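Let me begin by presenting the structure, written as structure tokens, before commenting on it.
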Amino acid sequence: MKPHYKITNYCFYFLVLLVSAIVIGLTPKNVFGFDIFGYYMYLPLTFKYNDVTIQNYEIINHILNTYHNSETFYQAIKWSNNNWVMRYPIGLSVLYAPFYFIVDVFVKFTNYPADGFSKPYQLSILYGCLCYSLTGLYFLKKILTFFFSDRVAALSLLSITLGTNYFFHVCFHAQGAMSHNILFALYVLVLYFAIKWHQTHLLKHIISLSLSCGLAALCRPTEIICVLIPFFFGITNWQSFKNKLVLLKKYKGQVILFCFLILCIAFIQLSYWKYASGKFIINPYGASNAGEGLELFNTHLLEVLFSFRKGWFIYTPLLLFALVGFKELYKSNRVLFTPIYIYIVINLYIVASWSCWWYGACFGVRALIPSYAVLSIPLAYSIQAIFQSKLKIIYFLILFLCISLNLFQSWQINKGILDTTNMSRAYYFSTFLQTTAPTFEQKKLLLKGKFESGEELFTKQDSLTHTLGFSANLDFETNTNITQLNYLNDTVFHGGKKSQITSALNPVSDSIEVQYNNITTKRYTWIKASVWLYSKETPTPLKANFIVEMTHKGYIFKQKLIPLTAHNFKQNVWNKLQVYYLVPDDLRSKKDKIRIRFQNKSKATIYVDDLLLQSYEPINDKSVF
């Protein structure tokens, strides 16, 4: 231990004990839930069941019925060759692997089933990820001590860990087994080995750097931008740029090895895709959910930074100090300024370009957590400047309040007081510093959103706060907008004098399809869709459906099916099917379309008439700001 870094070391030991105590003491009932289930599935399916493409779906049914990992098996998609392909990248499974193989040996000596999902496997993966988290903090401590005094390094380490949403996502609800904090650790290693290689030019450091970059990209492909850090390291002007090219040329063997190792790591994912789908490059995440993805020309930067839904500076205000620290970083250490500044700008742009910019159920903008490894440098320069300021007491008080607020809100979200998805400004201030569960009246202040639990019900309260803003109908009386004229019928009809026949020859009716921006300008809307149906026969249950869905460039997402059953359909009379549908508020484009149609896969002939699509938009559209 370096005596002049005693405070930093003690702070690190404190954080190790604190984080470990929370992770071990608050272990969730099921570590392999939801997204983590998808990240982890590669290992047991490959090494336990020898069925990574899930030819025997009973394996999945058994796991879900036994461990209740997820309400649906959204973690994989059935590809065109009938193989199942995992939605999530393979990178976390690669990092989970050592702990999987260790526990797989020892579980045989316990009373737990060696099925890949029992409690020993869950704990091994969770505690293994805790090791990765602590490794990240250890190397972050080392980086800070390269450039800063003991007290600055210590306070910076505490601030990043306790003053940001990193703390929640490393400690609670098995979030530590997600990609974000592991990527934080990998980014720390990228920064550390970039510094070490530029100091020494040793082969071992370029190998470590390439492994860190490659694994980060294997966990999340967009993290390949981490290579910007070593590439722009040391570049301060045009001359230093030319010097950097000379340096890379001098060590071109190491540079080639760096690139080769990254490609080798990438080949792990590519080879899995080739094996499972028949193609080296596919997008299973996008294929399974066309409504969510990267939209580089439709960013949500203001929402990501300042919204009360998930705004970065609302829920992690401490990092405002890091932004101020860029000025000090520029003045004091331009060698680090260029790579950090370029990476932060590009990373923030990419994160803000994801259509679901609030990134689901989480605390703050979890997609930005990996960047905290890099932001720790300007944050430390900001803290260093505070120590030299005449107003340091005021600044340190603000810093202390930011850390305290983060810890308290981490507790609030852990207790369900803060909502993980649909926070609004009104709800935020209503529950500010609250220690009791939110009331029913408070919950009314939440946003309407994609991830609301339970069935979508348009309540009496909704009818008072929404108004009819758009209506379109298809009654088959004219040929306009009708593509299947041969199947019109003028003997059986509900309204007017015509209906449309659906049967084995014409299984899908004409549809009503409208762009979202032609329906409403509001953030979200309720769709009320209905259709009238008639048949002299009994349709086979679940073989005929009224369908409400969204489409993005022709690809369907959020499809809702209302099947014909004995409860909603009678022979020889006209039957009305009606459904309410909440349009998701993370549309990739306002040009995405809402479509309603009727599909008949039964052997019965079913007459369709009077399709109706209505939009009930909020009178007062709650802003995310």
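Quantities reported herein were computed from a predicted structural model and do not represent experimental measurements.
- Within the model, atoms CZ of F432 and CG of L405 stand 5.5 Å from one another, a figure rounded to the nearest 0.5 Å.
- In this structure, F99 has its ring center closer than 6.0 angstrom to the ring center of Y132.
- For Y524 and Y516, the gap between ring centers reaches or exceeds 6.0 Å.
- Between F308 and Y427, the ring center distance fails the sub-6.0 Å criterion.
- Interatomic distance, SG of C11 versus CG of L144, reported as 11.0 Å (0.5 Å rounding).
- Separation of the Y272 and Y42 ring centroids falls under the 6.0 Å cut-off.
- Of the options I182, V351, L183, N181, a side-chain contact (heavy atoms from CB on, under 4.5 Å) to P370 is made by L183 and by none of the others.
- Distance CG/L296 to OG/S353: 5.0 Å, rounded to 0.5 Å.
- In this structure, the side-chain hydrogen bond (donor to acceptor under 3.5 Å, both in side chains) partners of Q75, at least two apart in sequence or on a different chain, are S70.
- For F337 and Y330, the ring centers sit closer than 6.0 Å to each other.
- Side-chain contact between L158 and F14: present, with at least one pair of heavy atoms (C-beta onward) separated by less than 4.5 Å.
- In this structure, the side chains of L247 and H201 come closer than 4.5 Å at one or more pairs of heavy atoms.
- Rounding to the nearest 0.5 angstrom, the gap separating the CD1 atom in I369 from the CZ atom in F167 is 12.5 Å.
- For an aromatic pair to be called close, the ring centres must be under 6.0 Å apart, and Y428 with Y315 satisfies this.
- A centroid separation of 6.0 Å or more is found between the aromatic rings of F625 and F306.
- With Y285 as the aromatic partner, R87 meets the cation-pi criteria of under 6.0 angstrom to the ring centre and within 45 degrees of the ring axis.
- In this structure a side-chain-to-backbone donor-acceptor pair under 3.5 Å is present from S371 to L368.
- Remark: F139 pairs with Y192 by the ring pair (Phe, Tyr, Trp, His ring centres under 6.0 Å) rule, at least two apart or across chains.
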From CA spacing to verdict: side chain to side chain donor-acceptor pair (under 3.5 Å), K141, N9: CA-CA 8 Å; K141 174 181 74 74; N9 283 289; 3.1 Å; yes

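- Residues N237 and S240 bring a donor and an acceptor atom of their side chains to less than 3.5 Å of each other.
- Between the NZ atom in K244 and the CD atom in Q239 there is a gap of 14.0 Å [rounded to 0.5 Å].
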Is there a side chain to side chain contact (heavy atoms under 4.5 Å, CB included) between W197 and L202? Walk through the geometry before answering. CA-CA 6 Å; W197 185 81; L202 292 178; 5.7 Å; no

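- There is a side-chain donor-acceptor pair under 3.5 Å between S430 and Q442.
- Formation of a donor-acceptor pair under 3.5 Å by the N422 side chain with backbone atoms of L446 is not found in this model.
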Run L134 and L15 through side chain to side chain contact (heavy atoms under 4.5 Å, CB included) and show every step you take. CA-CA 9 Å; L134 300 180; L15 292 174; over 6 Å; no

Evaluate the criterion side chain to side chain contact (heavy atoms under 4.5 Å, CB included) for residue pair Y349 and I346; output intermediate values, then yes/no. CA-CA 5 Å; Y349 182 81; I346 293 176; 5.7 Å; no

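- Put simply, the residue from F37, Y40, Y39 that forms a ring-ring contact (aromatic ring centres under 6.0 Å, His included) with F32 is Y40.
- Proximity of the aromatic rings of Y341 and F232 is defined here by a centroid distance below 6.0 angstrom, and this criterion is not met.
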With side chain to side chain contact (heavy atoms under 4.5 Å, CB included) as the test, would you mind laying out the steps for L445 and F429 before giving the verdict? CA-CA 10 Å; L445 301 174; F429 286 112; over 6 Å; no

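- A donor-acceptor pair shorter than 3.5 Å can be found between the side chains of T200 and H205.
- Applying the side-chain hydrogen bond (donor to acceptor under 3.5 Å, both in side chains) criterion to Y74, with sequence neighbours excluded, gives D35.
- Contact record, V188 with I143: O-CD1, 3.4 Å, taken as the closest heavy-atom pair.
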